[in-house]
Amino acid sequence: MINKPIVAGNWKMFKTPQEGFSFVEECVNLLLKIKEVNVIFSPPFTALFHIESILKHTPLALAAQNVHYADKGAFTGEISTDMLSACGVEYVIIGHSERRHVFNEPNDWINKKVLTVLRAGLKPILCIGETLEQRKSNETQQVLKEQLVAGLAGVSENEMANVVIAYEPVWAIGTGEIASVAQVTEAHGDTRNIVEDLYNHNIARNIAILYGGSVKPENSEELIKCPGVDGFLIGGAALKVDSFTNIIKIVQDNYPKE
Ligand code: PGA
């Protein structure tokens, strides 16, 4: 179990800088009493700089949704870790299923990004998860293992202290369909065991493993109580002030569990 659960809102390609600024301002006011949850906003690149000006005097953090693995260079359309750090970014989402499946990002890119992010002093949120087809053909555990082995290749034991993992079954993302308590518990247990095999018991025990996929205020109590769930990576429900802040309150009230 980790000290503080994490709730990260992944806005995907939604909200202009102005809309993002007002949204975060409203959330900050509603979250003044939240001391026991690490709250992370992950807006599009264009909103990061403005939002940092609100967050810099708060414990709330900023994440980017992607990064390039090179430090700089002729990579039209890409963003480097230095550029993100200069905008106050602390975390970077890597290997989100939309990056893997819509943009065909391969595991070796994901791994290079994880290494670049860590070496820049930022924290990767490494996303893993199976498709519906893979679940139906009983390949979930194998897929999680492949994604973790490849994604974490070359990451040292010390660097693991800065890694966050998000288990997001692809079939539950943006579909309204959530994984059952049994499925979530099993996948989180498998993920932790794989980390233990790759590293050691302590690292596996202390790593934050988030669940993502149609998390909403209505299901968040049940999900945060699942053994091995240390918080959420939220898409749709993170776009509305009410639902996002309600989930954060539910997480604060229900974690740690006995
Ligand atoms: P969702 O997205 O909450 O809308 O299902 C989750 C995610 O993409 O991280």
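What you are looking at is a predicted structure, and each value in this text was computed from that prediction instead of being measured. Read the numbers this way: they start at 1 and go in the same order the structure lists the ligands and their atoms. Computed over heavy atoms, backbone and side chain alike; hydrogens, waters and symmetry mates excluded.
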Student: In plain terms, say whether Arg135 and Glu139 are close enough for a salt bridge, that is, a side-chain N and a carboxylate O under 4.0 Å apart.
Tutor: no
Student: Before accepting this row, confirm whether a basic side-chain N of the pair Glu196/Arg205 lies closer than 4.0 Å to the acidic partner's carboxylate O.
Tutor: no
Student: Indicate yes or no: does Lys113 engage Asp108 in a salt bridge with an N to O separation below 4.0 Å.
Tutor: no
Student: So that I can tick it off, tell me whether Arg99 and Glu105 are bridged by a salt bridge, with the cut-off set at under 4.0 angstrom between side-chain N and carboxylate O.
Tutor: yes
Student: Find all atoms of ligand 1 within a distance of less than 4.0 Å from any non-hydrogen atom belonging to Ala172, and give their numbers and elements.
Tutor: 5 (O)
Student: Which of the numbered atoms in ligand 1 are under 4.0 angstrom from any heavy atom belonging to Gly236?
Tutor: 1 (P), 3 (O), 4 (O)
Student: Nearest non-hydrogen contact with atom 8 (O) of ligand 1 belongs to which option: Glu177, Glu168, His96?
Tutor: His96
Student: Is Lys216 close enough to touch ligand 1? Criterion: a residue heavy atom under 4.0 Å from a ligand atom.
Tutor: no
Student: Can you tell me if Ser214 contacts ligand 1 (heavy atom of the residue under 4.0 Å from the ligand)?
Tutor: yes
Student: Which of parallel (below 30°), tilted (30 to 60°) and perpendicular (above 60°) describes Trp11 and Phe41?
Tutor: perpendicular
Student: Would Gly213 count as a contact residue for ligand 1, given that I'm defining contact as a non-hydrogen atom of the residue lying under 4.0 Å from a ligand atom?
Tutor: yes
Student: What I want to check is whether the side chains of Glu130 and Trp171 have a donor and an acceptor closer together than 3.5 Å.
Tutor: yes
Student: Note the single closest protein heavy atom to atom 6 (C) of ligand 1, along with its residue, its atom name and the distance in Å.
Tutor: Gly235 N, 3.5 Å
Student: By number and element, which atoms of ligand 1 are closer than 4.0 Å to a non-hydrogen atom of Gly174?
Tutor: 1 (P), 4 (O), 5 (O)
